[in-house]
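Beneath this line is the structure, given in structure tokens, with notes to follow.
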Amino acid sequence: MSQQTRMPAVYVGHGSPMNAITDTPFSRAWRTLGASLPRPRSIAVISAHWFVSGTAVTAMPKPTTIHDFGAFPKALFDAQYPAPGDPALAAEIAKILAPTPVRLDTSWGLDHGAWSVLMHAFPKADIPVVEISIDAELAPLGHFDLGRRLAPLRDRGVLVVACGNVVHNLQYLDFAATKPLDWAVRFDDFVKTALEKRDDQALIGYRSHADARLAAPDDDHYFPLLYAAGIRHDDDALRFVVEGFDAGSISMRAFTLS
């Protein structure tokens with residue numbers, strides 16, 4: 001399939017679930033992003049919030065909207081994203097990722113790492129969505145490799161969306177912050193440069209960066225980036241659609257590959 005008919009791939013820093021129901025620079029950027037993308041056959045999301053043992057993919061016809069968070073307003077718990085599932089795509093993904101065992105899951109649904117972004121990018125919720133788990137027992141290189149092996153989906157009309165945060169440290173959250181923390185900026189710049197230079201080894205070996213312990217203490221929020229790096233084609237153009245921070249220690253960086 002030609003470059004003209006290949007679906008883009010997307011990485012989004014999703015940040016606070018409140019972005020789902022509030023008008024922020026990030027939610028506005030996600031609406032603009034969704035409007036700029038070709039309409040996909042289906043969407044496959046790798047979310048930081050499905051971090052489990054093993055690789056799984058949602059395989060139910062009607063995934064539930066999971067409110068996987070604590071002390072937030074009732075309006076956020078009332079939010080729903082009733083997109084249909086795609087059991088056929090789930091089975092297709094299991095075949096693509098073989099020989100890695102993939103569990104066809106009917107119990108998870110769509111967590112806020114997925115729906116808080118999709119409800120802005122695709123507000124009609126009329127495109128089928130599956131979610132792919134992140135195997136907590138897999139080393140960084142393994143996640144990059146799974147992303148590489150998902151690349152054929154882009155030539156089958158599937159939009160792959162990886163949702164995490166390049167920098168994610170909840171211990172240092174400061175909603176009154178007027179600028180991000182220095183170590184957060186350094187690590188975010190390191191990732192940006194590695195993406196621009198296509199330095200996949202740097203991204204895979206991120207733990208050796210001096211600021212990784214503070215900037216990426218939680219593997220779950222960094223690993224989605226490796227899927228996006230892995231799924232990248234040699235001729236893909238990289239375009240940053242969001243840059244900046246929220247609450248001082250959350251990078252909201254987002255980019256497209258097309």
Side-chain angles (χ1 to χ4, degrees), residues 9-19 24-27 29-30 33 45-51 112-114 116-117 134-148 160-232 236-257:
V10 178
Y11 174 86
V12 179
H14 65 79
S16 168
M18 286 300 293
N19 286 304
T24 68
F26 313 119
S27 62
W30 301 341
L33 170 62
V45 180
I46 300 104
S47 167
H49 289 274
W50 197 15
F51 193 65
H112 82 268
S116 66
V117 173
I134 298 175
D135 184 354
E137 300 175 2
L138 205 58
L141 178 59
H143 296 290
F144 176 86
D145 181 62
L146 287 178
R148 181 183 58 79
V160 179
V161 181
C163 292
N165 290 102
V166 168
V167 176
H168 183 266
N169 191 324
L170 300 183
Q171 291 186 345
Y172 287 85
L173 282 182
D174 179 3
F175 291 102
T178 57
K179 63 179 182 178
L181 294 160
D182 290 346
W183 49 260
V185 173
R186 287 194 299 267
F187 190 81
D188 187 66
D189 285 346
F190 151 72
V191 168
K192 178 183 181 181
T193 299
L195 287 166
E196 291 173 333
K197 293 183 176 180
R198 295 192 60 101
D199 189 351
D200 295 330
Q201 291 307 310
L203 297 174
I204 294 165
Y206 72 100
R207 288 172 177 157
S208 65
H209 190 279
D211 296 302
R213 183 180 61 82
L214 286 172
D218 305 312
D219 289 336
D220 53 1
H221 276 73
Y222 183 86
F223 283 167
L225 176 72
L226 297 179
Y227 287 81
I231 207 169
R232 187 177 185 179
D236 274 336
L238 169 69
R239 182 170 72 93
F240 294 108
V241 296
V242 178
E243 294 187 287
F245 288 79
D246 194 18
S249 63
I250 304 292
S251 167
M252 299 299 291
R253 181 171 298 283
F255 57 85
T256 60
L257 301 166

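The model shown is predicted, which means the values in this text are computed figures rather than measured ones.
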Provide the closest heavy-atom pair for G15 versus H112 in the form atom of the first, atom of the second, distance. O-NE2, 4.4 Å

Would you find more than 12 non-hydrogen atoms of other residues, nucleotides or ligands less than 6.0 Å from R213 atom CZ? no

Could you tell me whether the side chain of D174 reaches within less than 4.5 Å of the side chain of L181, counting heavy atoms only? no

CG of L141 to CG of D200, rounded to nearest 0.5 Å, is 10.5 Å

Determine whether a donor-acceptor pair (N or O, by modelled atom type, separation under 3.5 Å) exists between the side chain of R186 and the backbone of A215. no

So Y222 and Y206, would you call those rings parallel, tilted or perpendicular, with 30° and 60° as cut-offs? parallel

Heavy atoms from other residues, nucleotides or ligands near OH of Y172 exceed 12 (cutoff 6.0 Å): no

Check step by step if side chain to side chain contact (heavy atoms under 4.5 Å, CB included) holds for F245 and V185. CA-CA 9 Å; F245 288 79; V185 173; 4.2 Å; yes

Minimum heavy-atom distance between I231 and A9, given as atom pair plus value: CG2-CB, 3.7 Å

Please round to the nearest 0.5 Å and tell me the distance separating atom CZ of F26 and atom CE of M252. 4.5 Å

Carefully, step by step, assess I250 and L170 under the rule side chain to side chain contact (heavy atoms under 4.5 Å, CB included). CA-CA 8 Å; I250 304 292; L170 300 183; 4.1 Å; yes

What is the minimum heavy-atom distance between G164 and A48, and which atoms define it? CA-CB, 4.1 Å

Criterion side chain to side chain contact (heavy atoms under 4.5 Å, CB included) on L146 and L138, from CA distance to verdict: CA-CA 10 Å; L146 287 178; L138 205 58; 3.7 Å; yes

Between S116 and N19, a side-chain donor and acceptor under 3.5 Å: no

Would you confirm whether N169, through its side chain, and L214, through its main-chain N or O, come within 3.5 Å as a donor-acceptor pair? yes

For a 4.5 angstrom cut-off between non-hydrogen side-chain atoms, does F223 reach D135? no

Here the pair of heavy atoms bringing P224 nearest to C163 is CG-O, 3.4 Å

Decide side chain to side chain contact (heavy atoms under 4.5 Å, CB included) for W50 and V45; before the verdict, give the C-alpha distance in whole Å, the side-chain angles of both, and the deciding distance to 0.1 Å. CA-CA 10 Å; W50 197 15; V45 180; over 6 Å; no

Side chains of I46 and V161: closer than 4.5 Å at any heavy-atom pair? no

Does atom CD (Q171) have a neighbourhood of more than 12 heavy atoms from anything else shown, all under 6.0 Å? no

Rounded distance [0.5 Å steps], CZ in R232 versus CZ in F255: 7.5 Å

Sequence neighbours left out, what passes side chain to side chain contact (heavy atoms under 4.5 Å, CB included) with D218? Give chain and number order. H168, D220

Quick one: are K192 and L195 in side-chain contact, heavy atoms under 4.5 Å? no

H14 side-chain N/O to A114 backbone N/O, donor-acceptor pair under 3.5 Å: no

Between D219 and R207 (salt bridge meaning N to carboxylate O under 4.0 Å), is one present in this structure? yes

Would you find a donor on one side and an acceptor on the other, under 3.5 Å apart, between the side chain of N165 and the backbone of S251? yes

Minimal non-hydrogen separation, L203 against A229, with atom names: CD1-CB, 3.9 Å

Under 4.5 Å between any side-chain heavy atoms of V166 and Y11, yes or no? yes

Residues D145 and R148 bridged, charged N to O under 4.0 Å: yes

Where F144 and I204 come nearest, the two heavy atoms and their spacing: CG-CD1, 3.7 Å

